[in-house]
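What follows is a short report on a single structure.
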Amino acid sequence: MVDFEKELNKEQLDVVYKGDGPCLVLSGPGSGKTRTLVYRTAYLLEKGTPASRILLLTFTKKAAKEMLSRIYELSSVSEKEIYGGTFHHVGNLFLRRFGKRIGYAPNFVILDEEDAKNIIKTVIKERERKEIPKPQVIRKIISLAVNSKKDLETIIGKYFPYFEEETISEILKIEKAYQERKKRNNLMDYDDLLLKWDEILSIPDVQKEVADNFLYVLVDEYQDTNALQNDIIKKMSEMHNNVLVVGDDAQSIYSFRAADIENILQFSKNYPQAKIFKLETNYRSTPEILDTANKVIENNKKRLKKKLKSLKEKGNPPTVIAFSNPAEEALFIADHIEKEEDLKDTAVLFRAHFHCVELEIELARRGIPYILRGGVRFFEQFHVKDITAFLRIFVNFYDESSWRRILLRREGIGEVNARKITKLVFQKKNLKKAFEEKEDILKMISSSTVKNETRMVLDLLEQSLNEKTEDKIKLFLNGFYNHYLDFSFENARERKNDLKKLWELSRKYESLEKMLAEFSLSEDFGVEDIPKNAMVLSTVHQAKGLEWRTVFVVSLKEGSFPHLRSVEEDLLEEERRLFYVAITRCKENLYLTYPLYDFRRREVVLPSRFLKEAGLVDGETFLNDEEIIEDEGEWESF
């Protein structure tokens, strides 16, 4: 028997004992939401509910494994006895049983992301059209449309507004062919596991058989559900109306993945008899940190009210520091981190990866070990390596890998031709001679397409030869690379921001050689060299659910955090939630930093409005328009 009164606080106990019917559990950060969900399940089992009649839905395999193992520890019920796991895992189980009702044999094959992209790639090749986005971009568009239950045109208009009508028309035809091919070959991608699950639940007798089996439906991280998942939850719980969802609207930060905050905000409207529970007792952070979090989130109009309360004793207030520039900001943080004994309990969080590039360089300089969560190091990223490859050619004419890397970015040039072109160029001994004898190189290429693409690369290099490093980068981006990013990556805008950061950094170096040498130092610190006691660099999105004793949140200036685009596109409230998530990762020592000067725009910048909302900077700190230095125009030329 579990001693629930001993193991849980009053807020958690209320959920465990009174969680029948439709229930929304508003769970603040660090309040023990997983613990509450586990003990609620254990309570149901203890009261005689068969394990097979409980459905537990989570978002990640790790979370599902953790919850099911903890349930086993409490009740000795194994994970095989409970219908539990990720939405996709559970959807797969039902589709094996009922997929034949919508035309799928039970032995259907699940495509991983690479498989799905390869099918789209095949469809694209069959169409033999130019100017079609890469398979990964089309796959992203299809996925967003499925999960948000919106048409492709709406998704393209929102996330890929630069695509022209002809391109959109091609995407629609490719999507249709992709869906037909999957159905014909008894294949499903990950999104189909949700889409087809929802589809079989639209068949009355199937829904009755499936939904009637589950007396209780429990859902974790409800704020992250999308429109499709919300429909599934509703249909799965309609028979018995025992649906308990746990989440926090203040931590809804994944709209770019189609997560819909309205699901949690409208829960009481969609379930009129709903009970609302609040887990407001925080076991993680000091009162001062929680006071900051509470003050900030109160500025959101679309929210469900709750107030975090700390069980910890009084601590230090958050420290806000302004620096003259990002380099000075990086020096301060590196100095502080060098004094830390327990590096693994220290994290630097940022809105976007390029906000911490100066810090990455400084950490590499000093040999301070760090782990980058949710991605590769700045200078190891695909697009950053492309632009440094272009620059390396000017330093070392015989840099074969750089020549081939740039040539391969051009449509129609493959590995064989890239190697051939590189050999032809090297026969000319140096760049100047290669440009003078360009026609000799081109006449050795038989394919007109490859010839034209090679000419373009050589012309761009020649045009850039005598320019400053910053202008070389600008010519490369405007010459073809911005367009390449638009058609090759679903996050093209973020990648462009990274490259603009590279442009900004280039202006600080006396020579291209010195700049590339320093960038190489940052690349040389491999993952295998990182000891266990390493600090963490992370985007806020990747830090959700984690905690550290000391946290730095950097680049807290207007236009960066909140992101300028979020203000323009009416996403300010999600940015505020993102800031709320960032500061609530911290247990004790919270540093909030920002630079006073933006080198890209050559202007004095404003501290983030979130700092003012939290009462951490005075209104006078915000500059008047007259104090902002006039933009010189370099930035807009991108």
* To do: For the residue pair E328 and S324, confirm or rule out a side-chain donor-acceptor distance under 3.5 Å.
  => yes
* Output yes when E329 and K557 qualify as a salt bridge under the 4.0 Å nitrogen-oxygen rule, no when they do not. => no
* **Ion pair check, D231 and K235, cut-off under 4.0 Å** => no
* Under the 3.5 angstrom rule, does the side chain of E575 hit a backbone N or O of H563 as a donor-acceptor pair? -> yes
* To do: Please test E81 against Y72 for side chain to side chain donor-acceptor pair (under 3.5 Å), starting from the C-alpha separation and ending with a verdict.
  => CA-CA 10 Å; E81 296 176 77; Y72 176 74; over 6 Å; no
* Is any NZ, NE, NH1 or NH2 atom of the basic residue among D191 and R139 found under 4.0 Å from an Asp or Glu carboxylate oxygen of the other? -> yes
* Taking the six-membered ring for Trp, are F332 and H336 parallel (under 30°), tilted (30 to 60°) or perpendicular (over 60°)? -> tilted
* Decide whether a cation-pi geometry holds between R377 and F379; the criteria are a distance under 6.0 Å from NZ or CZ to the six-membered ring centre and an angle within 45° of the ring axis. => no
* Any chance you could lay out the side chain to side chain donor-acceptor pair (under 3.5 Å) test for T225 and N263, step after step, and finish with the verdict? => CA-CA 7 Å; T225 55; N263 293 344; 3.0 Å; yes
* Under 4.0 Å between a Lys/Arg side-chain N and an Asp/Glu carboxylate O for D291 and K295? -> yes
* **Flag, side chain of N294 to backbone of L308, donor-acceptor distance under 3.5 Å** => yes
* To do: Pick out which of F610, F579, F552 makes a side-chain contact (heavy atoms from CB on, under 4.5 Å) with L592.
  => F579
* Asked: Do the side chain of R40 and the main chain of G19 share a donor and acceptor less than 3.5 angstrom apart?
  -> yes
* **Name of the residue among E494, K496, R495, H383 meeting side-chain contact (heavy atoms from CB on, under 4.5 Å) with F489** => R495
* To do: Starting at CG of L215, measure out to OG of S237 and round the result to the nearest 0.5 Å.
  => 12.5 Å
* Counting distance only, does the side-chain N/O of E288 pair as donor-acceptor with the main-chain N or O of G315 below 3.5 Å? -> yes
* To do: Could you check R549 against D342 for salt bridge (charged side-chain N to carboxylate O under 4.0 Å, His left out), going step by step and ending with a plain yes or no?
  => CA-CA 9 Å; R549 186 174 67 85; D342 192 7; 5.9 Å; no
* For the residue pair I289 and E588, establish whether any side-chain heavy-atom pair is separated by less than 4.5 Å. => no
* Any side-chain heavy atom of T593 within less than 4.5 Å of one from L556? -> no
* **Pairing of R609 and E613 as salt bridge, 4.0 angstrom limit** => no
* Asked: Got a donor-acceptor contact below 3.5 angstrom from the S31 side chain to the G28 backbone?
  -> yes
* Test log, rule salt bridge (charged side-chain N to carboxylate O under 4.0 Å, His left out), inputs R284 and E547 -> CA-CA 8 Å; R284 177 188 298 157; E547 59 183 42; 2.8 Å; yes
* Asked: Between K544 and D224, is the closest basic N to carboxylate O distance under 4.0 Å?
  -> yes
* Asked: Do H541 and Y254 make the cut of ring centroids closer than 6.0 angstrom?
  -> yes
* So, the side chain of N300 versus the backbone of R303: is there a donor-acceptor pair under 3.5 Å, distance only? -> no
* To do: Can you spot which of T36, L24, T41, V15 makes a side-chain contact (heavy atoms from CB on, under 4.5 Å) with L244?
  => V15
* To do: Can you spot which of D248, I253, D249 makes a side-chain contact (heavy atoms from CB on, under 4.5 Å) with R577?
  => I253
* Counting N and O atoms only, with roles assigned by atom type, does the side chain of S75 sit under 3.5 Å from a partner on the main chain of I71, one being a donor and the other an acceptor? -> yes
* Taking the six-membered ring for Trp, are F378 and H353 ring centroids under 6.0 Å apart? -> yes
* Would you call E221-K33 a salt bridge at under 4.0 Å N-O? -> yes
* Donor-acceptor pair, T49 side chain versus L45 backbone, under 3.5 Å? -> no
* If you draw the axis of the six-membered ring of Y271, does the NZ or CZ of K234 fall within 45° of it and under 6.0 Å from the ring centre? -> yes
* To do: Would you indicate whether the side-chain heavy atoms of F323 and I321 approach each other to under 4.5 Å?
  => yes
* Is N147 reaching over with its side chain to a backbone N or O of N226, donor-acceptor style, under 3.5 angstrom? -> no
* Asked: Is any side-chain heavy atom of V246 less than 4.5 Å from a side-chain heavy atom of Q223?
  -> no
* Asked: Taking side chain as C-beta onward, heavy atoms only, is R351 less than 4.5 Å from S560?
  -> no
* Do K302 and E262 have side chains that get closer than 4.5 Å, going by heavy atoms? -> yes
* So do the side chains of S555 and Y594 get within less than 4.5 Å of each other, counting heavy atoms only? -> no
* Would a distance-only check, ignoring hydrogens and angles, find a side-chain to backbone donor-acceptor pair under 3.5 Å from E573 to K301? -> yes
* To do: Could you tell me how the ring of F94 sits relative to the ring of Y83: parallel (under 30°), tilted (30 to 60°) or perpendicular (over 60°)?
  => parallel
* Salt bridge or not for E11 and K278, using N-O below 4.0 Å? -> no
* To do: Check the surroundings of atom NZ in K309: do more than 12 heavy atoms from other residues, nucleotides or ligands lie under 6.0 Å from it?
  => yes
